[in-house]
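Heads up, the thing below is written out as structure tokens.
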Amino acid sequence: MKVLTALYGLTDAADNARALRDAGVHGVATFEGPHDVFAPLTLAATVGGLDLMTNVAIAFPRNPIHLAHQANDHQLLSGGRFRLGLGTQIRPQIEKRFGAQFDNPVGRMVELIAALRAIFDAWNTGSRLNFRGDYYRHTLMTPTFSPGPNPYGPPPIYVGALGPKLTRATAQHADGLLVMPFGSKRFLHDSTMPAVREGLAASGRGSDEFVIIPEIIVSSDDPEAIASTRRLLAFYGSTPAYRPVLAAHGWEELQPELNAMSKQGRWNDMADLIDDEMLHTLAGCGAPADIAAYVRDRIDGIADTVFLYQPKPIALPVLEAVVNELR
């Protein structure tokens, strides 16, 4: 099993990437947060031997040409080890923080993927760029601005998805699915995978032509790490988009309660509502062997690559033990 995990930091990103590689991690990914999602990967590309991925780059505020250049450059820098992970985010973040458009997010994401593919094709084959869609229009690519063929090929495009419509569209149009970290074995098998199979059938592709990377929240048995995990689960659970995950286990009434508390700024109180059953259903917690057993059970028969989402960074020796257990 291949293990990916988060790359934190900016100026020390290369050192952190090297330490994770030496601990046995196969790849690193960056989140959209206080720093640009691509910059740490530029530094990590100098380390070598690691897969690199944005997890995720928020798509709609970015122009496809900008995304294409960043993805193509990182594919070159990493020697073909880069994956462009895209996400929609939620309407308030897109409209209020980024000042961008969010209408029809599934259709917009599908068109964005098509635009990226058209740009990559123009660069790699020299064909005329002539993409005309409802949201994106790219009809000019002069030699000055074309990087030319990438010796490693175009970077694969993955999409983070939770709901059935975007999951189905991702399986139909993208190269891979990033299964959102707030989830469970039941939701993965009963909700995500049926949508994946529908999307693949619509595309005429088989499962061997599509990559699935489940993201799983994991935590050591350190009390503060467990507390951080409860806070993260409460934060996710407060978001209406994640209510279906709770509903799969009969906990759907918790979502509006958490949402109301979040609007009151009662973040610590929210964590108290995540009981032990919820904690161990939605996250892998404990000793390295416990975490590995949880991960294997959750993704058995679905994926051979996993992204370990750490609410509180796990000490490197412990993380190395988890990776060894998964191997």
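Residues: numbered from 1 along the sequence shown.
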Side chain Gln255, main chain Arg243, donor-acceptor under 3.5 Å: no

Side-chain (Tyr294) to main-chain (Ala283) donor-acceptor, under 3.5 angstrom: yes

Pairs satisfying side-chain hydrogen bond (donor to acceptor under 3.5 Å, both in side chains), at least one member in residues 138-148, at least two apart: none

All salt bridge (Lys or Arg N to Asp or Glu O under 4.0 Å) counterparts of Asp276, not counting sequence neighbours: Arg230

Qualifying ring-ring contact (aromatic ring centres under 6.0 Å, His included) pairs, either residue in residues 235-283, two or more places apart: Phe182-Tyr236, Phe182-Tyr242, Tyr236-Tyr242, His249-Trp251

Joint cluster assignment, Phe98 & Phe38, ILVMFWY side-chain distance < 4.5 Å: yes

Criterion side-chain hydrogen bond (donor to acceptor under 3.5 Å, both in side chains) on His74 and Thr42, from CA distance to verdict: CA-CA 7 Å; His74 283 83; Thr42 305; 2.8 Å; yes

Passing option when Lys185 is tested against Asp300, Thr281, Asp297 for side-chain hydrogen bond (donor to acceptor under 3.5 Å, both in side chains): Asp297

Closest heavy-atom pair and its distance - Met109, Ala59: CE-CB, 3.8 Å

Donor-acceptor under 3.5 Å (Asn124 side chain, Phe120 main chain): yes

Taking every non-hydrogen atom, the tightest pair across Pro240 and Asn259: CD-ND2, 4.0 Å

Phe210 six-ring centre to Arg205 NZ/CZ under 6.0 Å and within 45° of normal: no

Any side-chain donor near an acceptor of the partner, Glu215 and Asn55, under 3.5 Å: yes

Test: Arg62 and Glu32 ion pair at under 4.0 Å: yes

